[in-house]
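Here the structure comes first, spelled out in structure tokens, and everything after it is commentary.
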Amino acid sequence: MRVAEEWGACKQHFWLRGRRPERLVEFDEKIGMWNVFGYPEALTILNDPRTFSSDLTRLFAADDDGTMARLNDGNLLQMDGQDHRNLRRLVSHVFTPKVVADLEPRIAKITHELLDAVADRDEFDLVGDLAYPLPVIVIAELLGVPASDRDLFRQWVDQLFASKARFWEGDTDLGATAEAEGLGDLQAMLDYFGEHAAERRRQPREDLLSKLVHAEVDGERLTDNQVVNFANLLLVAGHITTTLLLGNAVLALDLHPDQAKAVRADRSKVPGVIEETVRILSPFPTVARSTTVDTEIGGQRVPADQMLMVWVGAANRDERQFADPDVFDPTRDPNPHLGFGRGVHFCLGAPLARLEGRVALDILLDRFPSLRTVPGNPPVFMPTPEMIGARTLPVRTT
Ligand code: HEM
């Protein structure tokens with residue numbers, strides 16, 4: 001599936017335009033890090049967390065006054081080894097497949113309510129009216145914070161990514177950037193969860209935050225700081241990505257009317273559409289690592305203490321792994337894409353994202369027999385390379 005030039009608002013996403021990387025592993029002089037675009041190379045990195053650490057703060061430790069260490073305590077994404085295993089075991093104990101599966105009726109109800117609000121319109125914004133609010137409401141309800149605070153969440157997350165966008169433009173002083181800009185909003189978010197967590201310690205409820213605060217596995221408990229950072233990670237990781245997934249699935253079907261017709265006729269194909277969308281339009285196309293020793297990737301020597309960007313979005317179109325990688329084929333089986341990562345950091349929320357995607361897409365297909373994009377009113381795409389998908393996606397219903 002080749003997509004138009006405007007999809008490449010970010011020059012990094014060359015693969016969306018059907019281009020292959022010139023080199024599978026390359027050093028980006030401007031940003032001072034390595035890009036990895038190939039599938040086997042990405043797999044080697046994700047499956048070897050000793051050589052390829054998730055803890056990037058080690059690279060900036062000299063500039064840190066303790067702030068980064070505090071912010072990353074409880075952030076699974078940035079942890080390695082036994083600390084990561086312990087925390088992941090503890091949170092998996094609370095965020096179980098059953099907790100997720102039980103959400104199905106609630107996800108369906110929220111989807112219907114959101115669509116009721118636009119049912120009499122010829123056009124609506126698939127992102128603003130459904131794909132954004134749905135996962136935010138779900139994750140907020142799951143955590144036990146008011147879903148009505150979602151404008152606040154959006155503001156915080158937007159700020160967080162605005163400061164990251166500057167990094168991609170070459171402002172690589174990560175420590176200073178975090179301190180000077182992102183931290184203000186991040187701190188507001190952390191304070192918010194801190195207050196909610198403290199309240200749950202005093203008075204537990206039937207929500208994830210209460211379970212996290214009281215969780216105990218083999219005598220281990222989460223500290224307040226870990227609960228707050230993990231809740232924060234769930235909120236950020238748990239909504240934007242799923243928003244993009246739903247928008248991308250609708251776009252993929254819009255670009256492929258034959259596939260859309262087939263899936264409308266046979267809804268058992270919906271999970272395949274979701275999976276193939278994560279492969280071909282990976283919402284979260286990059287994961288970061290740092291080398292702990294001198295090593296070699298794809299025949300390139302890479303010294304210790306280097307930062308790596310593993311472009312899983314590009315790896316998902318590597319023809320050495322996927323036949324006809326640019327073809328959107330929801331029947332692809334197996335579909336070993338890396339869109340949810342791989343190995344010890346495999347996405348903890350993948351079952352929830354898949355469930356939300358499946359339920360919402362199914363209901364959309366039920367309620368709108370001819371849902372299409374709007375000629376002359378194209379989608380607006382996310383401006384940061386860390387995300388692939390629409391910020392606004394006008395659709396027409398007739
Ligand atoms: C990890 C993608 C939805 C929570 C990851 C990773 C990827 C990813 C690629 C691996 C990062 C790495 O290896 O460094 C996605 C995509 C999603 C999605 C594409 C939606 C389409 C969610 C949801 C949640 C979530 C809904 C939570 C409710 C997490 C967490 C981790 C993670 C906690 C860290 C796991 C660890 O480090 O052990 N995700 N994610 N994600 N994701 Fe997701």
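Start at 1 and go down the list; that is how both ligands and their atoms are numbered.
Taking a cut-off of under 4.0 Å to the non-hydrogen atoms of Phe95, the atoms of ligand 1 that pass are 28 (C). Ligand 1 places these atoms under 4.0 Å from at least one heavy atom of Thr242: 20 (C), 26 (C). Listed by atom number, the atoms of ligand 1 under 4.0 Å from Leu245 heavy atoms are 21 (C). Ligand-side atoms of ligand 1 in range of Leu234: 27 (C), 28 (C), range being under 4.0 angstrom from any heavy atom. The atoms of ligand 1 that sit less than 4.0 Å from any heavy atom of Gly341 are 9 (C). Near Ala353, the atoms of ligand 1 lying under 4.0 angstrom from a non-hydrogen atom of the residue are 3 (C), 20 (C), 21 (C).
Contact annotation for Leu352 and ligand 1: only side-chain heavy atoms (C-beta onward) come within less than 4.0 Å of the ligand. With a 4.0 Å heavy-atom cut-off, ligand 1 is reached by the side chain of Arg289 but not by its N, CA, C or O. Contact annotation: for Leu76 versus ligand 1, heavy atoms closer than 4.0 Å belong to both the backbone and the side chain. Within the 4.0 Å heavy-atom criterion, the part of Leu233 lying near ligand 1 is the side chain and not the backbone. In Leu77, the parts holding a heavy atom less than 4.0 Å from any atom of ligand 1 are both the side chain and the backbone.
The nearest heavy-atom contact from the protein to atom 28 (C) of ligand 1 is Ile139 CD1, 3.5 Å. The single protein non-hydrogen atom nearest to atom 10 (C) of ligand 1 is His345 O, 3.5 Å, given as residue, atom name and distance. When only non-hydrogen protein atoms are considered, atom 3 (C) of ligand 1 lies nearest to Thr241 OG1, 3.3 Å. Protein heavy atom nearest atom 32 (C) of ligand 1, with residue, atom name and distance: Cys347 CA, 3.6 Å. Shortest contact from atom 31 (C) of ligand 1 to any protein heavy atom: Leu348 N, 4.0 Å. When hydrogens are left out, the protein atom nearest atom 6 (C) of ligand 1 is Phe340 O, 3.9 Å; that is the closest non-hydrogen contact. If you check which protein heavy atom lies closest to atom 22 (C) of ligand 1, you get Ala237 O, 3.4 Å. Closest to atom 24 (C) of ligand 1, if we only count protein heavy atoms, is Gly349 CA, 3.4 Å.
Remark: Asp318 CG to Leu43 CG distance equals 10.5 Å, nearest 0.5 Å. To the nearest 0.5 Å, atoms OG1 (Thr96) and CG (Asp102) are separated by 7.5 Å.
Salt bridge Asp122/Arg396: absent, no basic N to carboxylate O contact under 4.0 Å. Taking 4.0 Å as the cut-off between side-chain N and carboxylate O, Glu275 and Lys269 do not count as a salt-bridged pair. A salt bridge is absent between Asp80 and Arg50: the closest approach of a Lys/Arg side-chain nitrogen to an acidic carboxylate oxygen does not fall below 4.0 angstrom. Ionic pairing of Lys109 and Glu113 is present here: one or more N-O contacts between side-chain nitrogen and carboxylate oxygen are shorter than 4.0 angstrom.
Between the Gln226 side chain and the Thr223 main chain, a donor and an acceptor come within less than 3.5 Å of each other.
For the side-chain contact (heavy atoms from CB on, under 4.5 Å) criterion with Ile110, the lone passing option out of Leu130, Val359, Leu103, Leu134 is Leu134.
Pairing each heavy atom of Val25 with each of Gln300, the nearest pair is O-NE2, 3.8 Å. The two residues Tyr132 and Thr243 come nearest to each other via the heavy atoms CA-OG1, 3.5 Å.
For the residues His84, His239, Arg88, the heavy atom positioned nearest atom 35 (C) of ligand 1 is part of Arg88. Across Gly339, Ser92, Gly343, heavy-atom proximity to atom 2 (C) of ligand 1 is greatest for Gly339.
Under a hydrophobic-cluster definition in which Ile, Leu, Val, Met, Phe, Trp and Tyr are linked whenever side-chain heavy atoms come within less than 4.5 Å, directly or via other members, Phe60 and Val287 are assigned to different clusters.
For Val278, the heavy-atom gap to ligand 1 stays at 4.0 angstrom or more. Heavy-atom separations between Val344 and ligand 1 include at least one value shorter than 4.0 Å.
At least one cation-pi condition fails for Arg391 and Phe381: the charged atom is not both under 6.0 angstrom from the six-membered ring centre and inside a 45 degree cone around its axis.
For Tyr39 and Phe322, the ring centers sit closer than 6.0 Å to each other.
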Tyr192 vs Phe153, ring pair (Phe, Tyr, Trp, His ring centres under 6.0 Å): CA-CA, chis, key distance, verdict: CA-CA 10 Å; Tyr192 176 91; Phe153 305 153; 5.7 Å; yes
